[in-house]
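Fair warning: this is a prediction, and the values are worked out from it, not measured in the lab. Just so it is clear, the values below take in all heavy atoms, side chains as well, and ignore hydrogens, waters and symmetry mates.
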There are 2 protein chains.
Amino acid sequence: MAGELSGGDLSRLRQLNALAVIKALQGGPSLTLTEVAKRTGLSRASTEDVVRELLDKGWVAEAGATAGGVGRPARRYRFRAEAGRVLGIDIGDHKIRAVVADLDGAVLHSARMPVTPEMGRVERLEAVDRAAAECLEGANLSGGDVWASGVGTTGLVDGAGRVMLSEALPEWTGVDLAAHVRRLAPGPVLVENDSKLAALAECWRGVARYAKDMVFLLAGLRTGAGLVIDGKLHRGFANASGEIGALPVLGWIRAQEHLSAASGEAGDVFAAARAGDKAAANAVRRYVKDLALGASALVLALDPQMVVVGGGFSRSADVLIEPLRRELDRWCIRTPEVRMSALGDEGVVLGAVRLALDDVEDRVLDGRSPLVSHL
Amino acid sequence: MAGELSGGDLSRLRQLNALAVIKALQGGPSLTLTEVAKRTGLSRASTEDVVRELLDKGWVAEAGATAGGVGRPARRYRFRAEAGRVLGIDIGDHKIRAVVADLDGAVLHSARMPVTPEMGRVERLEAVDRAAAECLEGANLSGGDVWASGVGTTGLVDGAGRVMLSEALPEWTGVDLAAHVRRLAPGPVLVENDSKLAALAECWRGVARYAKDMVFLLAGLRTGAGLVIDGKLHRGFANASGEIGALPVLGWIRAQEHLSAASGEAGDVFAAARAGDKAAANAVRRYVKDLALGASALVLALDPQMVVVGGGFSRSADVLIEPLRRELDRWCIRTPEVRMSALGDEGVVLGAVRLALDDVEDRVLDGRSPLVSHL
DNA sequence: AGAAATATCATGGAGAGCATCATTATTCGG
DNA sequence: CCGAATAATGATGCTCTCCATGATATTTCT
């Protein structure tokens, strides 16, 4: 029950309040000092002090005043999202996506490279290089401008950013992704499993924005899960959480087979089922049953507020969600809200951006951020 | 992704540092100011200030100096555990336990009442009253001296301290335990599911003291689980986490039946198996297989550092642990450390004490604790 | 132009933490 | 028994952070 609520120095207090001001300003429109003070709970005077400091350090900029009100017009301040850049990369079986985003997480430029599951390690890494390069070029940046990079990949990832085990891509096991990406962008590189990143993205910008406990289901050619517990991505002791698919009785291993047995192309089955094809409808039903079994195990274990379904099959929400909800109802003590991801196939790459931004924010607190040295 | 790292006032800093000093002093032996300063990271001067304040408020007392060293002998300070009392109650099917503990969690007096699963609600509540009364009397206290009470019970508990659903004790569903216990001790009453409390206790005083992520298995006439994630008890959105037993394919429903089928008294089966009885050994093997199935689901979902087995059957560690570990190995990607609870049937009541103490500590921070008004 | 409204700026004070140094109480060695 | 060494305590003054308050500035409304 460690806790480690350090407390400590006075400067620590300032750091916390500075972060609170940044959070208040981030994302939203520009605010006046009085507005910031109200949101952070600080006094106006202190707020002014903090904002001046952030202004000096380059985290905040003055925004144009808005006319209209009575009284002396207030200065408006905004988070200087353009102060830094982060890189997000999603390495999938069929495509590689890279995006450059600002400190608000707004995507400035993105690139996509088609790949195939059969591709070897070297070829795939080259595709990563091309996607990242194109993306940086498009945003008119060099690798050195990137403050942090987030990378999502299939398979288990270790703490140092190496791929420990990838079932879908055998050649992928053992790749040191962190080292590879660091060649492209020399800042910190955070590597994480793709399901986990998609979960993170849903809690950030997706449909789970207000959920503290959430289970994300990756429903696609592979089936996986990512967990957010108490507002934080849950990794586990060896970064192997959410791997419920390894348990045969929970059905995730065979889930997808029902679909491929019914038709050559998995995606077509949903269309056929929608059109009234009995065999396809049956296949979908069996798929959902198996998906729900593993999902129920997660829901019963964690009792989350929400289950979010993403992955390739989430496009077929109409034939998936309702049956899934019914199946969950069958097993669960309390069936949580079930929602379809709204992020489509951008989930993973957005999660990668979020991962990089989290790293940047940690360093705001410590004053170790790049900005300090730039000014 | 809220976060809510408020920051705030200067007094907040003092609160945090005061708590840090208390934590440093709690449990261990008396310390000198310099020792406290080293542990908290504060300067000696500030430590002195904080300690003086805590001395005034009654949280800390001076302890006798220890002779022997060279130089001016230092004053020693200790946490004044005797300043307050908490009550812990475990309401089980076969027994009710109540303990009174001091602020260190040291048990001052305990009482035990035998009950039966068949007992009605009223009778059981009367037994709770008797156990609590005997316990308070033995410690020479009245209910008003109790700063907070923790209560553990079978079944699901809602946020307000009512039993929502108890499968083992049908009559128990709907009891407002918080209200009932508040009649005995008018302070705050925290009610929680027994498996969760046992998990909490293991992380506090049991074998999982240094684990941040832990899965506790209640192995007994009932089978249940409690989860500690990131050092905190995980409750879930509706306090229904760990209920993996509701999923039939995971075997916890039928697990215990293997044992009762082999012998009238479940406890005997382990003894028989240990003695070499083939049928009993088989029954135990099947039991462990089923137990491990649900446990694997939890382990795969969460990837905890440790699995702790408690409950009535944990006395039979010799025939349980090794097979369980082997079964987990079969299903899990990374098998965590598996350990037997060392708390025996005290786990739940100790967890209840911890729950009450957590509540007290929260109030230390706010200055809302009883002590302030006493002095 | 004057009143009202609202924001910024300046001053002073309180709380918290820290560094420094003088003072005090021991033990140890001779 | 006395002085040196050792280590804790106590006092002083500084800085940092936050806050309350009131003076000043800039705008709109009448």
Side-chain angles (χ1 to χ4, degrees), chain A residues 5-22 24-25 30-57 60 62-78 365-367, chain B residues 5-22 24-25 30-57 60 62-78 364-367 372:
Chain A
L5 261 177
S6 49
D9 205 338
L10 271 180
S11 59
R12 169 100 184 134
L13 197 57
R14 173 51 73 92
Q15 282 172 355
L16 288 172
N17 285 335
L19 192 70
V21 168
I22 286 182
L25 248 28
S30 64
L31 297 177
T32 70
L33 281 182
T34 339
E35 283 162 350
V36 174
K38 197 185 304 174
R39 293 199 192 195
T40 55
L42 294 175
S43 75
R44 220 207 87 101
S46 304
T47 308
E48 197 173 344
D49 209 40
V50 172
V51 166
R52 196 190 312 280
E53 184 183 320
L54 291 174
L55 216 50
D56 281 352
K57 291 197 179 153
V60 156
E62 205 171 330
T66 48
V70 57
R72 176 173 176 170
R75 288 187 181 164
R76 307 191 75 84
Y77 299 92
R78 64 182 181 82
L365 254 144
D366 299 14
Chain B
L5 260 178
S6 48
D9 207 338
L10 271 181
S11 59
R12 168 98 185 137
L13 199 56
R14 172 50 74 90
Q15 283 170 356
L16 288 172
N17 285 334
L19 193 69
V21 168
I22 285 181
L25 248 29
S30 64
L31 297 178
T32 71
L33 280 184
T34 338
E35 284 163 348
V36 174
K38 198 184 303 175
R39 293 198 190 197
T40 56
L42 294 177
S43 75
R44 220 208 86 102
S46 302
T47 308
E48 198 174 344
D49 210 41
V50 172
V51 166
R52 196 190 314 280
E53 185 184 318
L54 290 174
L55 216 51
D56 281 352
K57 290 198 179 154
V60 156
E62 205 171 329
T66 48
V70 57
R72 175 171 178 171
R75 287 188 180 163
R76 307 191 75 84
Y77 299 92
R78 65 181 179 80
V364 175
L365 254 145
D366 299 14
V372 179

Whole-Å distance, Lys38(B) NZ to dA7(D) C1', equals 13 Å
Give the rounded distance in Å between these two atoms: CZ of Arg12(B) and P of dG17(C).
13 Å
With a 3.5 Å distance limit and no angle check, can you tell me whether Thr47(B) reaches the backbone of Ser43(B) through a side-chain donor-acceptor pair?
yes
Students often get this wrong, so: under 4.0 angstrom with heavy atoms, is Arg75(B) touching a base, only sugar-phosphate, or nothing?
sugar-phosphate
How many Å lie between CD on Glu35(B) and C1' on dT9(D), as a whole number?
15 Å
Closest nucleotide among dC18(C), dT17(D), dC19(D) to the Leu10(B) side chain:
dT17(D)
Tell me if a side-chain donor or acceptor on Arg76(B) pairs with a main-chain N or O of Ala63(B) at a distance below 3.5 Å.
no
Is there a side-chain polar atom (N or O) of Ser46(A) under 4.0 Å from OP1 or OP2 of dC18(D)?
no
Over all heavy atoms of both residues, which pair between Leu55(B) and Glu62(B) is shortest? Give the atoms and the distance, please.
CD1-N, 4.2 Å
Rounded to the Å, how far apart are Leu16(B) CG and dG15(C) C1'?
15 Å
Look only at the side chain of Thr40(A) and the backbone of Val36(A), and say whether a donor-acceptor pair between them is shorter than 3.5 Å.
yes
With distance as the sole test, does Glu48(B) use its side chain to make a donor-acceptor pair with the main-chain N or O of Ala45(B) at under 3.5 Å?
no
Beyond-backbone contact of Leu33(B) with Arg75(B), side-chain heavy atoms, under 4.5 angstrom
no
Glu48(B) CD to dA16(C) P, in whole Å, measures 16 Å
Apply salt bridge (charged side-chain N to carboxylate O under 4.0 Å, His left out) to residues Arg39(B) and Glu35(B) and explain how you reach the verdict.
CA-CA 6 Å; Arg39(B) 293 198 190 197; Glu35(B) 284 163 348; over 6 Å; no
If you check every side-chain atom of Val50(B), which of dG17(C), dA20(D), dA7(C) has the closest atom?
dG17(C)
Just N and O in the side chain of Ser43(A): are any of them under 4.0 Å from OP1 or OP2 of dC18(D)?
no
Rounded to whole Å, how long is the line connecting atom CZ of Arg52(B) with atom P of dA11(D)?
8 Å
Has Asn17(B) got a side-chain N or O lying under 4.0 Å from the OP1 or OP2 atom of dG17(C)?
yes
Starting the side chain at C-beta, find the nucleotide from dG17(C), dC18(D), dT9(D) nearest to Leu13(A).
dC18(D)
Side chain of Arg44(B), heavy atoms from C-beta onward: which of dG17(C), dT8(C), dT9(D) has the nearest atom to it?
dT9(D)
For the pair made of CZ in Arg76(B) and P in dT9(D), what is the distance, rounded to whole Å?
10 Å
Which letter, B, S or -, goes with each nucleotide of nucleotides 25-30 of chain D from 5' to 3', with contact meaning a protein heavy atom under 4.0 Å?
BBBS--
Base, sugar-phosphate, or nothing: which does Thr32(A) touch, judged by heavy atoms less than 4.0 Å apart?
nothing
Which of dA20(D), dC18(C), dT9(D) is nearest the side chain of Ala45(B)? It is dC18(C)
Expressed in angstrom and rounded to an integer, what is the separation of Asp49(A) atom CG from dA20(D) atom P?
15 Å
Specify the closest pair of heavy atoms between Ala74(A) and Thr32(A), including all atoms of both residues, with the distance to one decimal.
CB-CG2, 3.5 Å
